[in-house]
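For reference, the structure discussed in these notes is given below.
Values in this document were obtained by computation on a predicted structure and should not be read as measured data. For this chain, numbers begin at 1 and follow the sequence in order.
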Amino acid sequence: MKLKIVGSGGMSIIPSSFCKCKICEEAREKGGRYERLGPSLYIDDIKMLIDTPEDIAVACNRQKISEVNHISISHSDPDHVKGIRIVEKIGYDFIKEKSMPIHFYALPEVIKDINNMNCDCLKYYSDVLGCISINETSHMSIDNIDIDMINNNTNRNITFYVIRQNEKKVIYACCNPKPFQHNEAYFDADVFIISLVSDNGILNDGTKLEYAPFKDEIFTLNEIIEMKNYYRIKKVVVTHIDEIWGKSYGYYKELEKKLDNILFAYDGMDIIV
């Protein structure tokens, strides 16, 4: 199974617009892995894209992704939805006015949320342009890949993905993993890709996470280590790395050396299981 982190950033990409912090200035200077676009994952085996942040078209170009046959969106937050317009290019020929619908998968409650928050955009793409074929489901079976979608937070309808190919298993917990709901399916994963982890609790402006309004939504590194051990996970990949953490690609590469199979994602990161 081959996956790619298309975008490893969070709700504010790196470099963030108008931001003059040292992390954003460094990213402008160095580019490459120091830059982070919005959060998205690509499953190469089945040409599937999970989540469409606003910059997804740019991200796909950068990562040389030229074919998308399936799309899923995890939840209705803007940094996961606002690039949905890519389906117009993929699934509709405006010159011939011809639809070539691609498969769209999401939990029923997520589809409802997206339509409610985005002017019925999925209904428009399905019923008017006909460029997507909507599947309201909690399970996908495509070729030799099986994917279960689990609602980790029924108050906000946040989808976690359990991706299986034969004996291999990858978990994609793409956003807002707290409050974390236990599920037996998470045991013995080869890779657990998880978002929103603060390594030392110091944010970009020097304040401490413990005093931030969103403190209860963020995992600490110690909590991730405990989770890794409890669920017998072989490798953890941290993604959705936001500008507000104030940490650079170089910083995370040094931190990885101190950790046991805990890696920090970057745009274009290949994960082969």
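A pairwise comparison of heavy atoms in I56 and G83 identifies CG2-O, 3.6 Å as the closest pair. Minimum interatomic distance between P108 and E136 (heavy atoms only, all atoms of both residues): CB-OE1, 3.7 Å. The two residues M117 and S76 come nearest to each other via the heavy atoms SD-OG, 3.2 Å. Taking all atoms of both residues into account, the shortest heavy-atom contact from D216 to K178 is O-CD, 3.3 Å. When all heavy atoms of S40 and P53 are compared, the closest pair comes out as CB-CD, 4.0 Å. Nearest heavy atom pair, residue N200 against residue I202, reads OD1-N, 3.0 Å.
Judged by the 6.0 Å distance and 45° axis criteria, K30 is positioned over the aromatic ring of Y34.
Hydrophobic cluster membership is shared by I132 and V128, with clusters built from Ile, Leu, Val, Met, Phe, Trp and Tyr side chains linked at under 4.5 angstrom. Linking Ile, Leu, Val, Met, Phe, Trp and Tyr whenever their side-chain heavy atoms come within less than 4.5 Å puts L263 and Y172 in one cluster. Residue V170 is not grouped with residue M227 when hydrophobic side chains (ILVMFWY) are merged at heavy-atom distances under 4.5 angstrom, including chains of intermediate members.
By the 4.5 Å heavy-atom criterion applied to side chains, Y161 and I50 are counted as neighbours. Proximity of I147 to I46: side-chain heavy atoms (C-beta onward) are separated by under 4.5 Å at one or more points. Residues T239 and I194 have side chains not in contact (no heavy-atom distance under 4.5 Å, counting atoms from C-beta outward). Put simply, the side chain of N135 reaches to within 4.5 Å of the side chain of H103, judged on heavy atoms. Taking 4.5 Å as the limit, every side-chain heavy atom of N153 sits out of range of all side-chain heavy atoms of N176. Using a 4.5 Å heavy-atom cutoff, the side chains of I218 and W245 are in contact. When side chains are defined from C-beta on, E25 does not count as touching P15, because their heavy atoms never get closer than 4.5 Å. The side-chain heavy atoms of I271 and V273, taken from C-beta on, include a pair separated by under 4.5 Å.
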Show the numbers, then the answer: is there a side-chain hydrogen bond (donor to acceptor under 3.5 Å, both in side chains) between N204 and E243? CA-CA 7 Å; N204 200 1; E243 171 265 331; 2.8 Å; yes

Salt bridge (charged side-chain N to carboxylate O under 4.0 Å, His left out), that's the test. Do K169 and D190 meet it? Break it down for me. CA-CA 5 Å; K169 179 163 63 175; D190 294 276; over 6 Å; no

List the steps and the verdict of side chain to side chain contact (heavy atoms under 4.5 Å, CB included) for R164 and V162. CA-CA 7 Å; R164 295 184 177 90; V162 181; 3.7 Å; yes

Given the rule in the salt bridge (charged side-chain N to carboxylate O under 4.0 Å, His left out) test, do R156 and D113 qualify, once you have shown the distances and angles that lead to the verdict? CA-CA 9 Å; R156 295 189 59 191; D113 287 348; over 6 Å; no

Y125 vs E88, test: side-chain hydrogen bond (donor to acceptor under 3.5 Å, both in side chains). Steps then yes/no. CA-CA 8 Å; Y125 289 132; E88 297 175 15; 2.6 Å; yes

Side chain to side chain contact (heavy atoms under 4.5 Å, CB included) between M149 and M140, worked out: CA-CA 8 Å; M149 293 184 285; M140 296 169 269; 3.6 Å; yes

Go through it in stages, so that I can follow the logic: the residues are K4 and D270, the test is salt bridge (charged side-chain N to carboxylate O under 4.0 Å, His left out), and I'd like the CA-CA distance, side-chain angles, deciding distance and then a yes or no. CA-CA 5 Å; K4 182 184 288 290; D270 288 320; 2.8 Å; yes

Kindly indicate, with the supporting measurements, whether the criterion side-chain hydrogen bond (donor to acceptor under 3.5 Å, both in side chains) is fulfilled by E67 and N69. CA-CA 7 Å; E67 184 179 0; N69 297 326; 3.1 Å; yes

Go through K253 and Y249 one step at a time and tell me if the side chain to side chain contact (heavy atoms under 4.5 Å, CB included) criterion holds. CA-CA 6 Å; K253 290 307 292 181; Y249 166 76; 3.4 Å; yes

Apply the test side-chain hydrogen bond (donor to acceptor under 3.5 Å, both in side chains) to residues Q63 and D267: give CA-CA distance (whole Å), side-chain angles for both, the deciding distance (0.1 Å), then the verdict. CA-CA 8 Å; Q63 305 309 328; D267 291 14; 5.3 Å; no

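With hydrogens and angles disregarded, a donor-acceptor distance shorter than 3.5 Å links the side chain of Q165 to the backbone of M1. Proximity of a side-chain donor or acceptor of E223 to a complementary backbone N or O of T220 within less than 3.5 Å is detected. A donor-acceptor pair under 3.5 Å is absent between the side-chain atoms of N152 and the main chain of I158, judged by distance alone. A distance-only check finds no donor-acceptor pair linking the side chain of D55 to the backbone of L37 [under 3.5 Å]. In this structure a side-chain-to-backbone donor-acceptor pair under 3.5 Å is missing from N261 to L259. Judged purely by atom type and a 3.5 angstrom limit, N183 uses its side chain to pair as donor or acceptor with the backbone of A185. Of the possible donor and acceptor atoms, one in the side chain of D242 sits under 3.5 Å from a partner among the backbone N and O of M11. Remark: side-chain polar atoms of S126 are not paired, donor with acceptor, to backbone N or O of I134 under 3.5 angstrom. When atom types are taken as modelled, the side chain of D205 and the backbone of T207 share a donor-acceptor pair closer than 3.5 angstrom. Looking at S99, its side chain never comes within 3.5 Å of a backbone N or O of P101 through a donor-acceptor pair.
The aromatic ring centroids of H182 and Y231 lie less than 6.0 Å from each other. In this structure, Y186 has its ring center closer than 6.0 angstrom to the ring center of F192.
Checked against salt bridge (Lys or Arg N to Asp or Glu O under 4.0 Å), D44 has the following partners two or more places apart in sequence or in another chain: K47. Residues forming a ring pair (Phe, Tyr, Trp, His ring centres under 6.0 Å) with F94 (at least two apart in sequence, or on another chain): Y92.
Between L3 and the choices D45, L41, V191, the side-chain contact (heavy atoms from CB on, under 4.5 Å) rule is met once, by L41. H240 pairs in a side-chain contact (heavy atoms from CB on, under 4.5 Å) with only one of the listed residues (C175, P177, S8), which is C175. When each of T159, D51, N157 is tested with S74 by the rule side chain to side chain donor-acceptor pair (under 3.5 Å), just one qualifies, namely D51.
Within 6.0 Å of atom CZ in R28, more than 12 heavy atoms from other residues, nucleotides or ligands are found, so the atom counts as buried in its surroundings.
Taking the six-membered ring where the residue is Trp, H70 and Y105 present tilted rings, their angle falling between 30° and 60°. Below 30°, between 30° and 60°, or above 60°: for F180 and F219 the angle between ring planes is above 60°, a perpendicular geometry.
Atoms NE2 and CD1, from H80 and I114 in turn, are 11.0 Å apart once rounded to the nearest 0.5 Å. To the nearest 0.5 Å, atoms CE (M48) and CD1 (I102) are separated by 10.0 Å. Within the model, atoms CD1 of I171 and CZ of F160 stand 10.0 Å from one another, a figure rounded to the nearest 0.5 Å.
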